[in-house]
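Throughout, a chain's letter reflects where its sequence line sits, starting with A, and its residues are numbered from 1.
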Number of protein chains: 2
Amino acid sequence: MKNKTERIQKIKEIISSIKIESQGQLLDILLEEGYDLTQATLSRDLKRMRIAKVGDGCGGYSYILPGQNVAKTLNTSHSSSVPASNWFVSIDFSGQFCVIKTRPGYAGGIALDIDAKEADQIMGTIAGDDTILVILRGGVRKKELIDILRDIIPIIDK
Amino acid sequence: MKNKTERIQKIKEIISSIKIESQGQLLDILLEEGYDLTQATLSRDLKRMRIAKVGDGCGGYSYILPGQNVAKTLNTSHSSSVPASNWFVSIDFSGQFCVIKTRPGYAGGIALDIDAKEADQIMGTIAGDDTILVILRGGVRKKELIDILRDIIPIIDK
DNA sequence: TATTATATTGGATATATATGCAAGAAAATA
DNA sequence: TATTTTCTTGCATATATATCCAATATAATA
């Protein structure tokens with residue numbers, strides 16, 4: 001029996017630093033790091049640690065620590081969901097605005113990518129540290145923008 | 001094909017009002033309410049809604065809405081986890097204090113239950129709306145208190 | 001230290017959850 | 001309205017996750 005306390009700590013570290021999509025993936029990492037355990041134990045650990053599995057908004061899943069709160073992706077309720085990736089946190093539409101939230105520090109870079117598209121439908125973008133405001137021309141539909149963003153914001157609900 | 005928007009709304013309502021432990025349980029409720037769907041669809045809904053499944057701290061699981069944040073149950077890190085139930089949210093120990101968080105409105109009632117124990121190890125309790133402060137006598141160990149609370153706070157990590 | 005109670009874990013497996021595929025709606029467009 | 005494209009869903013099933021049981025270790029106590 002190895003050291004549980006240490007393992008628990010390591011799990012926290014891993015989950016807070018990289019995106020984990022399944023217990024299997026996390027297990028592999030732990031094994032590589034020299035921890036010796038099975039999926040059964042990992043499942044128990046996650047349960048006790050109250051670590052949750054949640055849709056990442058991008059067609060995949062992600063494990064999150066308690067306390068970290070998940071943004072509601074899309075308030076335009078109905079219709080299907082929308083993009084996300086690794087830096088992606090959420091996207092919302094309202095009138096001729098689109099607000100994209102990113103992990104801290106990414107907003108500027110992503111905004112540049114969006115600008116590079118030089119899409120007519122986009123009047124402009126303004127980016128802070130973790131938020132991008134995309135201003136659309138009047139009459140542009142949500143779906144149009146999604147199409148434009150499709151290769152910046154990876155997959156859409158696979 | 002029924003109305004998706006309405007169903008999504010209903011799911012939110014249910015999850016925010018009662019404790020859901022599995023998709024199966026939620027599915028049953030929806031079916032009873034007249035919604036017509038399968039587990040496959042529900043799984044997709046939850047994924048898109050970013051609703052997460054997380055250990056309830058009591059040996060079971062609970063589905064939570066995005067935004068609701070999960071309290072870390074137990075900061076005394078190491079050692080195993082601790083209790084929880086239906087009103088239960090979290091428990092923390094520090095020195096001769098124990099703080100129990102509950103769902104809103106429950107603190108008073110639970111505190112009465114604790115008082116009713118008339119345990120020597122407990123100097124007294126103070127309850128707000130969703131938080132109970134339990135003051136222990138010096139030298140009382142965490143485990144002792146857990147034993148006392150055992151039948152108020154259901155199972156311990158089954 | 002011996003004894004008893006409590007925790008931790010893996011293996012195997014049950015259970016729960018996710019998804020590929022195809023079919024039937026709904027919406028957009030011609 | 002006819003046609004094309006996009007959604008939504010169920011079914012069957014793959015995949016992922018949780019848990020029973022038994023073994024072993026650890027801690028508590030005598």
Worksheet item: Side chains of B:Thr102 and B:Asp130: donor-acceptor distance under 3.5 Å anywhere?
Response: no
Worksheet item: Does A:Glu21 offer a backbone N or O that forms a donor-acceptor pair with the side chain of A:Gln25 under 3.5 Å?
Response: yes
Worksheet item: Taking only N and O in the side chain of A:Lys53, is any of them less than 4.0 Å away from OP1 or OP2 of D:dT17?
Response: yes
Practice prompt. For C:dG10, take OP1 and OP2 only and decide whether either is under 4.0 Å from a side-chain N or O of A:Arg44.
Written response: no
Discussion item. Any side-chain N or O of A:Arg7 below 4.0 angstrom from OP1/OP2 of C:dT8?
Written reply: no
Worksheet item: Where the side chain of A:Ala40 is defined as all heavy atoms beyond and including C-beta, which of C:dA12, C:dT9, D:dT17 is the nearest nucleotide?
Response: C:dA12
Worksheet entry | Residue-phosphate contact under 4.0 Å: A:Gln23 side-chain N/O, D:dA18 OP1/OP2 | yes
Discussion item. Quick one: does any side-chain atom of B:Ser16 pair with a main-chain N or O of B:Lys12 as donor and acceptor, under 3.5 Å?
Written reply: yes
Worksheet item: Quick one: B:Leu37 CG to C:dT17 C1', roughly how many Å, whole number?
Response: 14 Å
Discussion item. What's the separation between atom CD in A:Gln39 and atom OG1 in A:Thr41, rounded to the nearest 0.5 Å?
Written reply: 9.0 Å
Worksheet item: Taking only side-chain nitrogens and oxygens of A:Lys47, does any of them come within less than 4.0 Å of OP1 or OP2 of D:dT19?
Response: yes
Practice prompt. Calculate the interatomic distance between B:Glu21 atom CD and C:dT15 atom C1'; express it in whole Å.
Written response: 14 Å
Response to the item:
Value for OH (B:Tyr61) from NZ (A:Lys47), rounded to nearest 0.5 Å, stands at 4.5 Å
Discussion item. For a quick test of reading the model: is some side-chain N or O of B:Tyr63 closer than 4.0 Å to OP1 or OP2 of C:dT17?
Written reply: yes
Discussion item. Can you see if the side chain of A:Ser43 gets near the phosphate of D:dT17 - specifically, an N or O under 4.0 Å from OP1 or OP2?
Written reply: no
Practice prompt. Tell me what B:Leu42 touches on the nucleic acid: a base, only sugar-phosphate, or nothing, going by heavy atoms under 4.0 Å.
Written response: nothing
Item to complete: Could you check how far CG of A:Asp45 sits from C1' of C:dT9, rounded to whole Å?
Response: 10 Å
Practice prompt. Please report, rounded to the nearest Å, how far the P atom of D:dA18 is from the CZ atom of A:Arg50.
Written response: 14 Å
Worksheet item: Can you tell me how far P of C:dT9 sits from CG of A:Leu27, to the nearest Å?
Response: 13 Å
Item to complete: Determine whether any donor atom in the side chain of B:Gln39 lies under 3.5 Å from an acceptor atom in the base of C:dA18, or the reverse, and answer yes or no.
Response: yes
Fill in: Residue A:Tyr61, side-chain atoms from C-beta onward, closest of C:dT9, D:dT19, C:dA18
C:dA18
Practice prompt. Return the 5'-most residue of the pair B:Gly60, B:Thr41 with respect to DNA chain D, ranking by each residue's nearest nucleotide.
Written response: B:Thr41
